[in-house]
Chemist: 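Provided herewith is a single structure, encoded as structure tokens, for subsequent inquiry.
Below, chains carry the letters A, B, ... as their sequence lines are ordered, and counting in each starts from 1. Just the heavy atoms: all of them, side chains too, but no hydrogens, waters or symmetry mates, feed the values below.
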Amino acid sequence: MKYTVEFSESFAKEFTRVPQEHQDAVLDFVVIYQGHGLNDQTKYPGRVSPSWHNLPVNHPNYAYTKQQHLWHYHVGLPDYAGAQLWGKTSDWVLHFQWPDRGPTVALVDLYQHYTWDNKFYLPPKSALSEEFGD
Amino acid sequence: MVKMHFLMRLEQQGGPLKKGDGLVFSQIDKERMNKALASPRFSIPNGASKEEIRQLILGVASQSK
């Protein structure tokens with residue numbers, strides 16, 4: 001199966017604003033995804049999670065993240081926590097849309113998992129691919 | 001090369017246009033086209049090296065308004 005990665009102009013602009021180490025982390029994800037998709041997460045050193053995971057269904061972010069098919073990948077920056085071979089967590093995560101667990105993902109944003117006031121950061125709707133949402 | 005998927009995306013949004021759909025479809029098509037043009041997306045070619053992908057993304061950023 002062919003796995004496709006897409007990105008928007010806004011993502012490209014954000015990409016220019018991060019250090020090369022962060023860019024490399026994104027590129028590592030892209031290369032692994034194109035080679036293996038997301039069904040076998042042991043291919044990834046970092047954890048891949050749906051962004052509505054662990055949210056109560058009545059939380060406003062639950063509907064937003066699920067309708068927009070938002071997932072995130074722990075990219076290992078500044079470091080991975082844990083000693084296991086895969087599924088590790090990190091402060092920085094790569095947000096992406098993965099509609100219906102299909103063969104295409106759209107890169108959205110790279111950001112720290114939590115904001116300064118300890119809220120889970122979610123990319124705004126303006127950064128998302130509209131046709132990937134429900 | 002960067003490949004823009006306007007046509008593919010238009011089909012994903014509303015299904016392929018069919019002969020005989022007439023004026024109604026031409027209006028829908030315009031709406032879908034405007035929507036796609038408002039937020040173009042780019043595909044990363046499979047098999048590209050990490051450095052090639054980096055340059056592709058940086059190239060898109062440098063050409064964007």
Chemist: So what's closer than 4.5 Å to chain B heavy atoms on A:V5: side chain, backbone, both or neither?
Modeler: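 Both parts, heavy atoms under 4.5 Å.
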Chemist: Using the rule that Ile, Leu, Val, Met, Phe, Trp and Tyr join whenever any side-chain heavy atoms are under 4.5 Å apart, tell me whether A:I32 and A:W98 fall into a single cluster.
Modeler: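 Same hydrophobic cluster.
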Chemist: Tell me whether A:V30 shares a hydrophobic cluster with A:V75, the cluster being built from Ile, Leu, Val, Met, Phe, Trp, Tyr side chains joined at under 4.5 Å.
Modeler: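 As far as the 4.5 Å side-chain criterion goes, A:V75 and A:V30 are connected within one cluster.
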Chemist: For A:H59, I'd like to know if atom NE2 has over 12 heavy atoms of other residues, nucleotides or ligands within 6.0 Å.
Modeler: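 Yes.
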Chemist: Restricting to non-hydrogen atoms, name the atom on A:D28 and the atom on B:K50 that form the minimum distance, rounded to 0.1 Å.
Modeler: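 Closest pair (atom of A:D28, atom of B:K50, distance): OD1-NZ, 2.6 Å.
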Chemist: Assigning hydrophobic clusters by single linkage (Ile, Leu, Val, Met, Phe, Trp, Tyr; side-chain heavy-atom cutoff under 4.5 Å), is A:W92 placed with A:F96?
Modeler: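 Cluster IDs for A:W92 and A:F96 match.
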Chemist: Drop me the distance from B:L56's CG to A:F7's CZ, to the nearest 0.5 angstrom.
Modeler: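 With rounding to 0.5 Å, CG (B:L56) is 4.0 Å from CZ (A:F7).
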Chemist: Before giving the answer on side-chain contact (heavy atoms from CB on, under 4.5 Å), spell out for A:Q23 and B:L58 the whole-Å C-alpha distance, their side-chain angles and the decisive distance to 0.1 Å.
Modeler: CA-CA 10 Å; A:Q23 294 180 357; B:L58 295 177; 4.1 Å; yes
Chemist: Are any non-hydrogen side-chain atoms of B:E51 and A:L27 less than 4.5 angstrom apart?
Modeler: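 Side chain of B:E51 against side chain of A:L27, heavy atoms only: no contact under 4.5 Å found.
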Chemist: Before giving the answer on side-chain contact (heavy atoms from CB on, under 4.5 Å), spell out for B:R54 and A:V26 the whole-Å C-alpha distance, their side-chain angles and the decisive distance to 0.1 Å.
Modeler: CA-CA 9 Å; B:R54 189 196 319 274; A:V26 172; over 6 Å; no
Chemist: Are A:F29 and A:Y121 connected, step by step, through hydrophobic side chains (Ile, Leu, Val, Met, Phe, Trp, Tyr) whose heavy atoms are closer than 4.5 Å?
Modeler: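 Unlinked, A:F29 and A:Y121 end up in two clusters.
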Chemist: Are A:Y111 and A:W52 connected in a single hydrophobic cluster, I mean Ile/Leu/Val/Met/Phe/Trp/Tyr linked by side-chain heavy atoms less than 4.5 Å apart?
Modeler: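 In one cluster: no.
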Chemist: Ignoring hydrogens, what is the shortest heavy-atom contact between A:Q34 and B:P45? Give both atom names and the distance.
Modeler: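 Between these two residues, the closest heavy atoms are NE2-O, 3.5 Å.
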Chemist: Examine whether an atom of A:E14 lies under 4.5 Å from a heavy atom of chain B, and if so say whether it belongs to the side chain, the backbone or both; otherwise answer neither.
Modeler: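 For A:E14, no heavy atom lies under 4.5 Å from chain B.
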Chemist: So, the side chain of B:N46 versus the backbone of A:T4: is there a donor-acceptor pair under 3.5 Å, distance only?
Modeler: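 Answer holds: no.
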Chemist: Considering all heavy atoms of both residues, which atom of A:S129 and which atom of B:R41 are nearest to each other, and what is their separation?
Modeler: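 Shortest heavy-atom contact: OG-CD, 3.1 Å.
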Chemist: Can you name the closest pair of heavy atoms from B:A61 and A:A12 and give their distance?
Modeler: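 For B:A61 versus A:A12, the nearest heavy atoms are CB-O, 3.5 Å.
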